[in-house]
Amino acid sequence: MSSQSGINYRELEAEHTSGVYAKRQLTIVRGSGATVWDEQGRAYIDCTAGQGVANVGHCHPQVVAALQAQAATLVTCQEALYNDQRALFLNDLVEVLPYGLERVFLCNSGAEAAEAALKFARLATGRSGVVAAMRAFHGRTFGALSATWEPQYRAPFEPLVPGFTHIPYNNIDALANAITEQTAAVILEIVQGEGGVRPGSAEFLQHAQQLCRERGALLIVDEVQTGFGRTGRFFACEHHNLEPDLLLLGKAIAGGVPMGAVALGPRVTNIAPGTHGSTFGGNPLACAAARATLHVIQREGLAEQAARKGAWLVEQLQDLPARRVREVRGLGLIVGIELRERVAPYLQRLQELGILALPAGPTVLRLLPPLVIDQAQLETVVGGLGEVLQ
Ligand SMILES: *Cc1c(COP(=O)(O)O)cnc(C)c1O
């Protein structure tokens with residue numbers, strides 16, 4: 001459909017886009033809070049949060065103000081030099097990180113955070129093996145993809161990085177058998193996001209930490225999707241009192257501006273100048289946005305809001321017809337509805353009702369709304385789901 005300006009953005013973009021994305025027939029041009037608008041001015045409740053990014057809502061005024069001020073002050077400054085915004089952000093971030101994480105490598109995406117962590121784990125341990133979980137998602141660059149499980153993502157790109165094994169998630173015995181003297185790291189999500197919204201058990205995650213300590217491997221926790229209030233705690237690690245050696249951050253970290261990060265614990269040693277780096281890593285614009293985002297999450301109590309709203313949402317969704325719904329799972333405002341059939345047609349029908357939601361694998365409908373979503377919007381989402389799944 002053409003816009004008010006007469007330009008057909010969809011046709012224009014489709015002509016030049018790479019082809020790696022399965023595109024929806026929708027052009028989004030504006031956002032505010034949990035709402036986005038298409039080029040015709042039609043509003044949608046955004047239960048994708050831009051793929052788990054807009055935890056504080058689209059265009060949060062404090063993030064916008066921080067970006068505007070910093071854009072007019074200094075946009076770029078390499079990490080070989082010190083910078084005021086970077087210093088302030090790192091100081092604020094470390095205050096909310098799980099215990100022991102006091103140093104941070106800054107980059108530009110979740111996959112880059114995974115790459116950095118895998119390299120750091122090799123440096124610190126002198127080992128090269130990595131144990132990951134089935135259904136895990138850690139990104140699509142070669143190291144991150146080697147830790148990712150989905151065969152469809154991996155197969156066309158083999159050979160991948162050697163030394164990776166995948167064990168069934170939440171299976172302590174399989175994990176115990178997989179960690180050897182060659183294992184540099186175990187990498188796990190607290191709730192598997194792309195893999196179908198599957199929460200890890202406290203027992204499994206705590207055992208993983210203990211086994212790593214006993215056997216000289218490092219625990220990498222991937223909170224790219226679960227961090228920054230999403231699950232009802234600032235970091236999902238807090239649900240299980242975990243103290244990972246490396247914590248991967250991304251998506252929501254900078255309120256929509258591209259940023260990734262790896263937080264490092266005391267067992268991550270041997271990180272010397274020249275061992276890793278990134279041109280854009282720690283740039284002042286992203287750091288200013290990230291610091292404002294962090295303050296919004298704290299000031300507005302967004303983790304507590306996610307816990308409360310998520311519990312309400314899951315309770316409502318339990319009443320969806322069992323004929324279509326196998327299970328409803330979630331933690332805070334990462335919620336998965338596992339269907340007995342393919343999810344794609346339901347996402348399309350929700351879109352027609354003005355609700356955007358995500359898949360998580362072929363049969364799971366995933367809701368990742370901005371944490372600022374209000375009660376009326378949540379009720380509309382529940383009503384819409386009831387309508388399309390009846
Ligand atoms: C999205 C995601 C990634 C990859 O992040 P990108 O920014 O897309 O590279 C890694 N891990 C998890 C858990 C994710 O959800």
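As a basis for the values below, the full set of heavy atoms in this structure was taken, side chains included, without hydrogen atoms, waters or symmetry mates. We count residues from 1, following the sequence as given. Just follow the structure's listing: the first ligand is 1, and inside any ligand the first atom is 1.
- Nearest to atom 6 (P) of ligand 1 among the protein's heavy atoms is Gly110 N, 3.5 Å.
- Within the listing of ligand 1, atoms 4 (C), 5 (O), 6 (P), 9 (O) sit less than 4.0 angstrom from a heavy atom of Ala111.
- Side-chain atoms of Arg329 come within 3.5 Å of backbone atoms of Gly196 as a donor-acceptor pair (strictly under, hydrogens ignored).
- Set against the non-hydrogen atoms of Ser109, the atoms of ligand 1 under 4.0 Å away are 7 (O), 9 (O).
- Proximity annotation for atom 1 (C) of ligand 1: of Gln192, Glu189, Lys251, Lys251 comes nearest, heavy atoms only.
- Cation-pi contact between Arg230 and Phe228: absent, since separation from the ring centre below 6.0 Å together with deviation from the ring axis within 45° is not met.
- Comment: Glu181 does not engage Arg127 in a salt bridge, judged by the lack of any side-chain N to carboxylate O separation of less than 4.0 angstrom.
- Every atom of ligand 1 with a heavy atom of His138 under 4.0 Å away is listed here by number and element: 10 (C), 11 (N).
- For atom 15 (O) of ligand 1, a protein non-hydrogen atom is found at a distance below 4.0 Å.
- No salt bridge links Arg198 with Glu189; every basic N to acidic carboxylate O contact stays at or beyond 4.0 Å.
- Residues Gln206 and Gln210 bring no donor and acceptor atom of their side chains to less than 3.5 Å of each other.
- Residues Tyr169 and Met134 fail the side-chain proximity criterion, which asks for heavy atoms closer than 4.5 Å.
- For atom 11 (N) of ligand 1, the nearest non-hydrogen atom of the protein is Asp222 OD2, 2.7 Å.
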